Amino acid sequence: MDWFLRHGCLVTFFCLAQSSGSFAAAQQQAGGFIPLVEGKPYLHVIHEGRSVKVQRVQDPDYELNGYFARTARECPPFCIQPVTPAPAVATIGEVELFDFMETRLRDGSGVLIDARTGAWYEKGTIPGSVNYPFTLFGKGKDDPELVAALEAFGARKRGEVGAVDRLLDGLGWSDKLNKTEDWDFSAAKDLVLWCNGPACGQSPRAIRGLLEAGYPSEKIMYYRGGMQMWQLWGLTTVVPSQ
């Protein structure tokens, strides 16, 4: 946090661009602008009501340091996670996340979830993310916080399933797709969950909790790279408002 106070900037890594001269010099040294991917120099996402430009650090000498540059951590808890946290849950990389940001996150049909605890979230997050700590998804199915989260994701409580509905379900005459006894996930949003990186178990635990609650696996994606890979690529992060 002292770093941000000294530089008077809420967007990490990009305070170097406050001076157009230094930014131009970095571009010149790098031999041109470094895009997100070929043909896409940057993108914009809405974070806490304001537009944030997501781009890469333009300093060719930039190197990741600090916590996310460390390679040796005690295991457990910092064990390398499987590529897929659960069957039928898709794992995505940065390019797919860029696409999600520009499509489903932008049109409101998707939610980007920072599944880390609040203390991590407050240090900085990926633009467009909302914080739902992984511990939330381990709560009982009737816990008010879990219920509120699922409803925020577009799920609807079914209430008590009546005898007629049970009969129709049993006969296969009702549309049971994306429905459980407790929830109707037909209109639920697509979710991307992430945490601190390949050695972080927080978002995988959150994903498994969502699946236990009945959330459809095809509506859940896992950004395994998390904050470690996001920062390794020198991508924009933001500090949430207090």
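Along the sequence shown, residues are numbered consecutively beginning with 1. The structure presented is a predicted model; accordingly, all values stated were derived computationally and were not measured. FYI, side chains are in, hydrogens and waters are out, and symmetry mates aren't considered; it's all heavy atoms of this structure.
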Minimum-distance pair of heavy atoms, taken over all atoms of D107 and S109: OD1-OG, 2.6 Å
Disulfide (SG to SG under 2.5 Å) pairs, two or more places apart, involving residues 89-121: none
Q202 and W120, any side-chain heavy atoms less than 4.5 Å apart: yes
Shortest non-hydrogen separation from D190 to E218 and the atoms involved: OD1-O, 4.4 Å
Disulfide (SG to SG under 2.5 Å) contacts in which one or both residues fall within residues 97-136, not counting sequence neighbours: none
All pairs passing disulfide (SG to SG under 2.5 Å) where residues 60-98 contributes a residue, at least two apart: C75-C79
Heavy-atom pair with the smallest gap, counting every atom of L36 and V54: CD1-O, 3.7 Å
Side-chain H-bond candidate by donor/acceptor type, E94 with Y223, under 3.5 Å: yes
Side chains of T125 and V130 in contact at under 4.5 Å (non-hydrogen atoms): no
Residue pairs involving residues 36-47 (criterion salt bridge (Lys or Arg N to Asp or Glu O under 4.0 Å); sequence neighbours excluded): K40-E102
side-chain contact (heavy atoms from CB on, under 4.5 Å) assessment of V238 paired with R50: CA-CA 11 Å; V238 292; R50 64 188 180 94; 4.1 Å; yes
Ring geometry between F33 and Y42 (parallel below 30°, tilted from 30 to 60°, perpendicular above 60°): perpendicular
Y121 versus S129, closest heavy-atom pair with distance: OH-O, 3.8 Å
Set of residues satisfying side chain to side chain donor-acceptor pair (under 3.5 Å) with respect to D184, sequence neighbours excluded: R156, S186
Heavy-atom check, side chain of V89 versus side chain of L211, under 4.5 Å: yes
Any side-chain heavy-atom pair of W194 and D114 under 4.5 Å: yes
Nearest-0.5 Å distance that lies between atom CH2 in W183 and atom NZ in K157: 5.0 Å
Short side-chain to backbone donor-acceptor contact, S203 and A115, under 3.5 Å: no
Chi angles and distances behind the side-chain contact (heavy atoms from CB on, under 4.5 Å) call for N178, K219: CA-CA 10 Å; N178 293 331; K219 292 177 179 281; 3.8 Å; yes
D142 and D182, any side-chain heavy atoms less than 4.5 Å apart: no
Backbone of G226 reached by a side-chain donor or acceptor of N196 within 3.5 Å: no
Where V45 and M101 come nearest, the two heavy atoms and their spacing: CG1-CB, 3.7 Å
Spacing of Y67 atom OH and K123 atom NZ [to the nearest 0.5 Å]: 8.0 Å
Minimum side-chain heavy-atom gap E96-M221 below 4.5 Å: no
Connected via hydrophobic side-chain network under 4.5 Å: L232 and I126: yes
Close side-chain approach of L210 to L193, heavy-atom, < 4.5 Å: yes
Full working for side-chain contact (heavy atoms from CB on, under 4.5 Å) between V147 and E151: CA-CA 6 Å; V147 170; E151 290 177 339; 3.8 Å; yes
Sub-4.5 Å side-chain heavy-atom contact between R208 and P85: yes
Cluster check L105, Y215: I/L/V/M/F/W/Y, side chain < 4.5 angstrom: no
Where P198 and Q228 come nearest, the two heavy atoms and their spacing: CD-OE1, 3.8 Å
Candidate pair Y62 and I34, rule side-chain contact (heavy atoms from CB on, under 4.5 Å), full reasoning: CA-CA 12 Å; Y62 167 79; I34 303 172; over 6 Å; no
Qualifying ring-ring contact (aromatic ring centres under 6.0 Å, His included) pairs with a residue from residues 128-147, counting only residues at least two apart or across chains: Y132-F153
N/O donor-acceptor pair under 3.5 Å between R224 side chain and Q81 backbone: yes
